[in-house]
Amino acid sequence: MLMEPDEYTSQERALTDKAKELIEQHELDWGNGECFIQRDAGRSERSELYMTLEAPNHATVTVTVPAEADEKGLRRAMADGFLDFDPDEEFDECWSREFAARNGFTPSGFLSGLQEDKAYFGLRSEALLHPGQSNAGQGNETIAEIRWTEEDLRHWLKDHDWPDNNENMDAMRDMISARELRDRSIEEGWEIIDAMVDDGRLARKDEGEEAETSETYDPANPADPLSIADTSASAAATR
């Protein structure tokens with residue numbers, strides 16, 4: 001039985017909040033993600049957290065966790081669900097002529113997207129299992145990630161008054177190289193960063209470095225930078 005959020009116990013609410021935090025942190029909702037508590041109709045004391053976790057190309061993984069699980073158990077269940085994802089099985093389950101016509105997919109394009117999502121899930125699995133190895137503050141965290149999809153190509157066709165049929169989509173795929181699109185997007189990104197940066201808010205010297213300099217200052221050493229900087233003041237005092 002699906003429970004309303006105001007019916008959750010404090011433990012269920014805490015687990016749901018943690019799951020939503022992890023889903024947001026690891027970018028696991030691309031429009032079809034879900035997270036809710038469900039209780040057995042015959043055994044009201046037993047409840048579980050259900051999650052639908054999604055990758056950028058919209059492959060999904062369903063994960064179920066007992067409501068009494070802690071954060072470690074939650075992370076493990078999510079990671080195990082990602083590792084169980086099989087692109088070939090997903091393809092066999094979903095693919096049909098009707099599915100292709102409805103979504104505008106080719107067999108190779110659909111399978112390629114599933115394989116990309118498998119890799120995406122693999123990276124998220126590692127991050128969930130080893131949260132302390134995220135290199136926080138060491139310049140390796142993802143700040144922003146942009147993904148171009150075939151749906152974006154459809155939007156372009158519609159915005160420019162072209163039919164988004166299979167013929168035009170095939171032509172778009174031929175004209176737009178994924179490598180070139182990525183490289184040019186990165187080049188544009190550097191220009192955007194340049195435009196967003198305010199030099200007035202940046203410092204040339206690290207605070208820790210400044211503190212270290214003051215602690216090691218030796219006024220008797222003429223080679224000390226601070227001693228050199230104070231030369232004119234010292235000379236004025238002796239005149």
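Worth knowing before you read on, the calculation uses all heavy atoms, side chains too, and leaves out hydrogens, waters and symmetry mates. None of the values given here were measured: they were computed from a predicted structure.
- A pairwise comparison of heavy atoms in Ala19 and Met51 identifies CB-SD, 3.8 Å as the closest pair.
- The backbone N or O of Asp70 sits nowhere less than 3.5 Å from a side-chain atom of Arg75 that would complete a donor-acceptor pair.
- In this structure, Leu53 CG and Leu22 CG are separated by 9.5 Å, a value rounded to the nearest 0.5 Å.
- Proximity of Pro56 to Asp117: side-chain heavy atoms (C-beta onward) are separated by under 4.5 Å at one or more points.
- Note that Arg124 lies in the cation-pi zone of Tyr120, set by a 6.0 Å cut-off to the ring centre and a 45° limit from the axis.
- Judged purely by distance below 3.5 Å, without hydrogens or angles, the side chains of Ser47 and Glu12 pair a donor atom with an acceptor atom.
- Taking NE2 of His58 as the start and CZ of Phe110 as the end, the distance is 11.0 Å to the nearest 0.5 Å.
- With rounding to the nearest 0.5 Å, the separation of NZ in Lys18 from CD in Glu71 is 4.0 Å.
- In the hydrophobic clustering of this structure, Trp148 does not group with Ile192; members are Ile, Leu, Val, Met, Phe, Trp, Tyr whose side-chain heavy atoms approach within less than 4.5 Å, directly or through other members.
- Nearest heavy atom pair, residue Asp164 against residue Met169, reads O-CG, 4.3 Å.
- The closest side-chain heavy-atom distance from Leu128 to Phe82 is below 4.5 Å.
- None of Glu188, Glu180, Glu187 except one satisfies the salt bridge (charged side-chain N to carboxylate O under 4.0 Å, His left out) rule with Arg184; the exception is Glu180.
- The existence of a salt bridge linking Glu116 and Lys118 is excluded, since no basic side-chain nitrogen approaches an acidic carboxylate oxygen closer than 4.0 Å.
- Annotation for His26 and Ala127: closest pair CE1-CB, 3.6 Å, computed over non-hydrogen atoms.
- Here the closest heavy-atom approach between residue Cys35 and residue Leu49 is recorded as SG-CD1, 3.7 Å.
- Linking ILVMFWY residues whenever their side-chain heavy atoms come closer than 4.5 Å, directly or via other members, places Met172 and Trp162 in the same cluster.
- Residues Val63 and Val65 have side chains in contact (heavy-atom distance under 4.5 Å, counting atoms from C-beta outward).
- To the nearest 0.5 Å, atoms CZ (Arg154) and NZ (Lys158) are separated by 7.0 Å.
- Listed here is the closest heavy atom pair of Pro5 and Arg13: O-NH2, 3.5 Å.
- Residues Leu28 and Met78 are in side-chain contact: their nearest non-hydrogen atoms beyond the backbone lie under 4.5 Å apart.
- Side-chain contact between Leu114 and Asn57 is absent, with no heavy atoms from C-beta onward closer than 4.5 Å.
- Taken from CG in Asn103 to CD in Glu98, the straight-line distance is 11.5 Å, to the nearest 0.5 Å.
- Leu123 and Ile23 are assigned to two separate hydrophobic clusters, defined by single-linkage of ILVMFWY side chains at heavy-atom distances under 4.5 Å.
- Nearest heavy-atom pair, Arg39 versus Tyr8, reported as atom, atom and distance to 0.1 Å: NH2-CA, 4.1 Å.
- Taken to the nearest 0.5 Å, the CD atom of Glu27 stands 11.0 Å off from the CG atom of Asp29.
- The neighbour count for Glu151 CD, taken as heavy atoms of other residues, nucleotides or ligands under 6.0 Å away, is above 12.
- Checking side-chain atoms of His160 against main-chain N and O of Trp156 turns up a donor-acceptor pair under 3.5 Å.
- Side-chain atoms of Asp80 do not come within 3.5 Å of backbone N or O of Ala77 as any donor-acceptor pair.
- Between the side chain of Glu54 and the main chain of Asn32, a donor-acceptor pair closer than 3.5 Å is present.
- Considering only heavy atoms from C-beta on, Phe85 comes within 4.5 Å of Glu90 through its side chain.
- Hydrophobic clustering (ILVMFWY, side-chain heavy atoms < 4.5 Å, transitive): Leu181 and Met175 are in one cluster.
- Heavy atoms of other residues, nucleotides or ligands lying less than 6.0 angstrom from CZ of Arg102 number more than 12.
- The main-chain N or O of Pro163 is found under 3.5 Å from a side-chain atom of Asn168 such that the two form a donor-acceptor pair.
- Ring-plane geometry between Trp95 and Phe91 is classed as parallel, the angle between the planes falling under 30 degrees on a 0 to 90 degree scale with a further cut at 60.
- Looking at heavy atoms from C-beta onward, Asp88 lies in side-chain contact with Leu111 at the 4.5 angstrom threshold.
- Between Arg173 and Asp170 there is a salt bridge, since a side-chain N of the basic residue sits under 4.0 Å from a carboxylate O of the acidic one.
- Hydrophobic clustering of Ile, Leu, Val, Met, Phe, Trp and Tyr side chains at less than 4.5 Å, counting indirect connections, keeps Leu129 apart from Phe121.
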